Amino acid sequence: MTAMVKAEGVHKSYGPAHILKGIDLEVAPREVFCLIGPSGSGKSTFLRCINHLEKVSAGRLSVDGELVGYRQKGDKLYELKDSEVALKRRDIGMVFQRFNLFPHMTAIENVMEAPIQVRGEAKAVARARAEQLLDRVGLSDKARSYPSQLSGGQQQRVAIARALAMEPKLMLFDEPTSALDPELVGDVLDVMRGLAEDGMTMIVVTHEMGFAREVGDALVFMDDGVVVESGHPRDVLTNPQHDRTKSFLSKVL
């Protein structure tokens, strides 16, 4: 079975700053893969490399068997044009810490926008799916509301619906609950739980250890640009093997 995501010796540097130092990991189809670690450990950078918002400095990264951002001919890698990268990126949904909704559009317009603009989908088709997706995230009653009229948790659920509107095969979540008030976190995690039950392949950078333990199929602890420890979430969280993992978990659990 082809891995949905495969990283082989992935490095990323910004000038002298070496952020990712040889990441090797695989994410299977339908797997919920959780990334944990302290701020600055490279988790978000790695996520951004997967959908080519950042270019890797060395190594190889593939999604569903295809290289991200490059084409291989013989032994050489050739960088894809921006238009080709954008085409591939349509298959990958990404949800950020900040919701990045268009403030001048209603919730339903935010969800409809990409299918119409990127895929050339008919408005009626896009609207029907947007209504289904808002219902799926529990916001059918907020379809005509603008982002400024929604709570942070509601905005994040609209952002998830917007990412799903492109029917991605992979969803990336970059600390999707970290900017939310504590009482709003549960609704967003419930939506993510539902996606996991439906078989969506997900990579989740998170500080929500309960979610990782309950919903995750695999967990990686990153620190200083490397994978320190990996395994089943319950094993890593209850019986970490590495001193650095133990130290981190003692502060967050």
Side-chain angles (χ1 to χ4, degrees), residues 1-8 10 20 23-37 42-54 56 59-70 85-97 111 114-115 118-119 129 132-133 136-137 156-177 188-222 227 230-237:
M1 183 169 58
T2 303
M4 182 58 79
V5 177
K6 186 172 185 178
E8 302 169 271
V10 170
L20 299 177
I23 300 293
D24 294 290
L25 56 80
E26 283 192 24
V27 181
R30 304 175 68 87
E31 191 168 51
V32 178
F33 193 96
C34 296
L35 285 172
I36 65 169
K43 309 180 301 295
S44 295
T45 300
F46 178 65
L47 223 54
R48 293 171 68 84
C49 287
I50 292 172
N51 70 351
H52 208 60
L53 288 172
E54 304 283 358
V56 302
R60 297 162 64 91
L61 193 53
S62 55
V63 173
D64 204 15
E66 294 189 11
L67 283 171
V68 173
Y70 297 89
V85 171
L87 269 177
K88 305 258 186 187
R89 199 179 282 140
R90 299 194 322 190
D91 291 332
I92 304 172
M94 186 154 183
V95 178
F96 301 87
Q97 290 180 33
V111 179
V118 179
R119 283 191 172 165
R129 183 167 337 96
Q132 287 174 345
L133 288 169
R136 182 178 184 176
V137 299
Q156 192 62 294
R157 284 185 280 155
V158 173
I160 293 172
R162 180 179 61 179
L164 292 172
M166 292 296 284
E167 300 182 313
K169 54 183 155 189
L170 170 66
M171 284 284 283
L172 308 176
F173 291 89
D174 189 5
E175 297 189 20
T177 58
V188 173
L189 293 180
D190 284 345
V191 170
M192 293 168 65
R193 217 173 258 116
L195 290 177
E197 287 165 5
D198 291 346
M200 174 64 76
T201 311
M202 296 156 60
I203 303 180
V204 185
V205 173
T206 186
H207 293 297
E208 302 290 341
M209 300 301 158
F211 175 85
R213 186 187 289 110
E214 288 166 46
V215 183
D217 299 302
L219 183 140
V220 155
F221 171 66
M222 281 178 68
V227 172
S230 62
H232 191 278
R234 284 194 185 89
D235 297 338
V236 176
L237 294 174

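Keep in mind the model is a prediction, meaning the values are calculated, not measured. Each residue takes its place number in the sequence, starting with 1.
Residue L164 holds its CG atom at 12.0 Å from CD of Q132, rounded to the nearest 0.5 Å. For the atom pair CG of L25 and CE of M222, the computed distance is 8.0 Å after rounding to the nearest 0.5 Å. Atoms CD1 and CD1, from I92 and I203 in turn, are 9.0 Å apart once rounded to the nearest 0.5 Å. Rounded to the nearest 0.5 angstrom, M166 CE and K169 NZ are separated by 12.5 Å. Remark: S230 OG to L219 CG distance equals 8.5 Å, nearest 0.5 Å. A distance of 4.5 Å separates CD of Q97 from CD of E175, quoted to the nearest 0.5 Å.
Taking the side chain as every heavy atom from C-beta outward, C34 and V220 never approach each other to under 4.5 Å. Taking 4.5 Å as the limit, every side-chain heavy atom of F46 sits out of range of all side-chain heavy atoms of L172. Residues F211 and M192 are in side-chain contact: their nearest non-hydrogen atoms beyond the backbone lie under 4.5 Å apart. No side-chain heavy atom of L170 sits under 4.5 Å from any side-chain heavy atom of D64. V68 places none of its side-chain heavy atoms less than 4.5 Å from the side chain of N51. Residues T177 and L189 are in side-chain contact: their nearest non-hydrogen atoms beyond the backbone lie under 4.5 Å apart. Inter-residue side-chain proximity for I160 and F173 is flagged as met; some heavy-atom pair is nearer than 4.5 Å. Side-chain atoms of E26 and T2, non-hydrogen and from C-beta on, never get closer than 4.5 Å to each other.
For the pair K6 (side chain) and V63 (backbone), a donor-acceptor distance under 3.5 Å is absent. Distance alone, capped at 3.5 Å, is enough to place a donor-acceptor pair between the T201 side chain and the R30 backbone. Counting only distance, with no hydrogens or angles, the side chain of Q156 and the backbone of P176 share a donor-acceptor pair below 3.5 Å. Using modelled atom types, one side-chain atom of R157 and one backbone atom of V137 make a donor-acceptor pair closer than 3.5 Å. A distance-only check finds no donor-acceptor pair linking the side chain of R48 to the backbone of L53 [under 3.5 Å]. A distance-only check finds no donor-acceptor pair linking the side chain of D217 to the backbone of E31 [under 3.5 Å]. Judged by distance alone, the side chain of E197 and the main-chain N or O of G194 form no donor-acceptor pair under 3.5 Å. Counting only distance, with no hydrogens or angles, the side chain of R129 and the backbone of A165 share a donor-acceptor pair below 3.5 Å. Counting only distance, with no hydrogens or angles, the side chain of R90 and the backbone of P168 share no donor-acceptor pair below 3.5 Å.
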Exercise. Tell me, with the steps shown, if I36 and H207 meet side-chain contact (heavy atoms from CB on, under 4.5 Å).
Key: CA-CA 7 Å; I36 65 169; H207 293 297; over 6 Å; no

Practice problem: Give the C-alpha distance, both sets of side-chain angles, the deciding distance and a yes or no for side-chain contact (heavy atoms from CB on, under 4.5 Å) between T45 and L20. | Solution: CA-CA 8 Å; T45 300; L20 299 177; 4.1 Å; yes

Quiz item: Where do E214 and R193 land on the side-chain contact (heavy atoms from CB on, under 4.5 Å) test, with the steps shown first?
Solution: CA-CA 9 Å; E214 288 166 46; R193 217 173 258 116; 3.3 Å; yes

Quiz item: Passes side-chain contact (heavy atoms from CB on, under 4.5 Å), V95 versus M171? Steps please.
Solution: CA-CA 8 Å; V95 178; M171 284 284 283; 4.0 Å; yes

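With respect to E167 and R119, a salt bridge is recorded, a charged nitrogen being found less than 4.0 Å from a carboxylate O.
Residues A196 and V215 approach most closely at CB-CG1, 3.6 Å, considering heavy atoms. Of all non-hydrogen atoms in P233 and G216, the two that sit nearest each other are CG-O, 3.5 Å.
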